[in-house]
Amino acid sequence: MTDDHDAGAMAFIFEAGVLKRAARTGWWFAGVTQPESIADHSFRTALIGMMLAAMEGADPARVSMLCVLHDTQETRITDIPHIAKRYLKAAPNTAVTADQVATCPPEVAAVITAAVAEYEAGETPEAVVARDADKLECLVQAVEYQHQGINNVQRWIDSSRAALKTASAHRLADAALNGQPLAWLTPPTRPA
């Protein structure tokens with residue numbers, strides 16, 4: 001390991017920090033003036049992914065890693081809203097990731113590029129679950145915005161739900177749609 005590799009690893013870490021400040025811009029079309037950050041989305045996607053993996057018999061640690069990395073490219077290409085993708089052509093996420101980790105230690109670059117390639121290919125059970133976690137997180141966020149009075153989110157709910165592949169993700173989507181986002185504030189009563 002060289003000082004240059006250490007600097008390259010830290011450059012990727014600093015770059016990933018931008019995701020804490022970068023907004024999920026598609027929500028602006030629904031009237032959300034201060035949407036969650038890409039990092040906020042990625043955190044909950046990783047949590048959902050871990051849970052879905054356990055429910056589906058996939059590797060929770062691998063799924064969580066895929067989820068954490070699935071939008072890291074947006075430091076360079078931003079969060080391009082779905083409608084904009086009709087008109088813009090961005091570099092493939094695998095190419096962006098390769099540039100992002102080019103100066104990292106080789107073993108770090110290999111782990112990150114392999115994970116992003118796996119997620120993008122969408123063929124392993126872990127990639128399928130990670131993609132479901134991404135879509136389910138979007139659905140959950142839309143439900144929360146709906147409960148906060150944002151009424152223009154049904155298209156996000158419908159498109160996210162239609163993209164789900166696993167039975168567990170479908171069940172959790174049903175639970176989100178039938179649930180109350182703040183129900184957890186009232187703990188169940190325990191028998192005396």
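Just the heavy atoms: all of them, side chains too, but no hydrogens, waters or symmetry mates, feed the values below.
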**Item:** Side-chain H-bond candidate by donor/acceptor type, E15 with T75, under 3.5 Å
**Value:** yes
**Prompt:** Short question: side chain of D132, backbone of T166 - any donor-acceptor pair under 3.5 Å?
**Reply:** yes
**Asked** Transitively linked via ILVMFWY side-chain contacts under 4.5 Å: L66 with V128?
**Response** no
**Message:** Within the structure provided, determine whether F29 and R155 are in side-chain contact (heavy-atom separation under 4.5 Å).
**Reply:** no
**Request:** Apply the test salt bridge (Lys or Arg N to Asp or Glu O under 4.0 Å) to residues E36 and R44: give CA-CA distance (whole Å), side-chain angles for both, the deciding distance (0.1 Å), then the verdict.
**Result:** CA-CA 11 Å; E36 78 280 9; R44 187 158 62 178; over 6 Å; no
**Request:** Using a 4.5 Å cut-off on heavy atoms from C-beta on, say whether the side chain of T103 contacts that of H5.
**Result:** no
**Request:** Check whether any side-chain N or O of E144 sits under 3.5 Å from a backbone N or O of P181 as a donor-acceptor pair, and report yes or no.
**Result:** no
**Request:** Could you tell me whether the side chain of K135 reaches within less than 4.5 Å of the side chain of C138, counting heavy atoms only?
**Result:** no
**Y119-L136 co-clustered via ILVMFWY side chain contacts under 4.5 Å** = no
**Request:** Show the numbers, then the answer: is there a side chain to side chain contact (heavy atoms under 4.5 Å, CB included) between F12 and I112?
**Result:** CA-CA 11 Å; F12 182 72; I112 293 171; 3.7 Å; yes
**Message:** I want to check something: taking the side chain as every heavy atom from C-beta on, are D71 and L19 in contact at a cut-off of under 4.5 Å?
**Reply:** no
**Request:** Could you state whether V153 and L139 fall into the same hydrophobic cluster, counting links through intermediate Ile, Leu, Val, Met, Phe, Trp or Tyr residues with side-chain heavy atoms under 4.5 angstrom apart?
**Result:** yes
**Request:** Say whether I80 and L69 are linked into one hydrophobic cluster, either directly or through other cluster members, by side-chain heavy-atom distances under 4.5 angstrom.
**Result:** no
**Asked** Just wondering, do E74 and V18 contact through their side chains at under 4.5 Å, heavy atoms?
**Response** no
**Message:** Quick check: closest heavy atoms across L164 and A173, and the distance to 0.1 Å?
**Reply:** CD1-CB, 3.7 Å
**Prompt:** Given S42, which of K20, E137, H70 fulfils the side chain to side chain contact (heavy atoms under 4.5 Å, CB included) condition?
**Reply:** H70
**Asked** Any side-chain heavy atom of R62 sitting closer than 4.5 Å to one from E118?
**Response** yes
**Prompt:** Does a side-chain heavy-atom distance below 4.5 Å link Y145 with P35?
**Reply:** yes
**Request:** Flag the pair T78 / T25 as yes when at least one side-chain heavy-atom distance between them is below 4.5 Å, and no otherwise.
**Result:** no
**Asked** Would a distance-only check, ignoring hydrogens and angles, find a side-chain to backbone donor-acceptor pair under 3.5 Å from R131 to E120?
**Response** yes
**Message:** Nearest 0.5 angstrom please: M51 CE to L172 CG, how far?
**Reply:** 6.5 Å
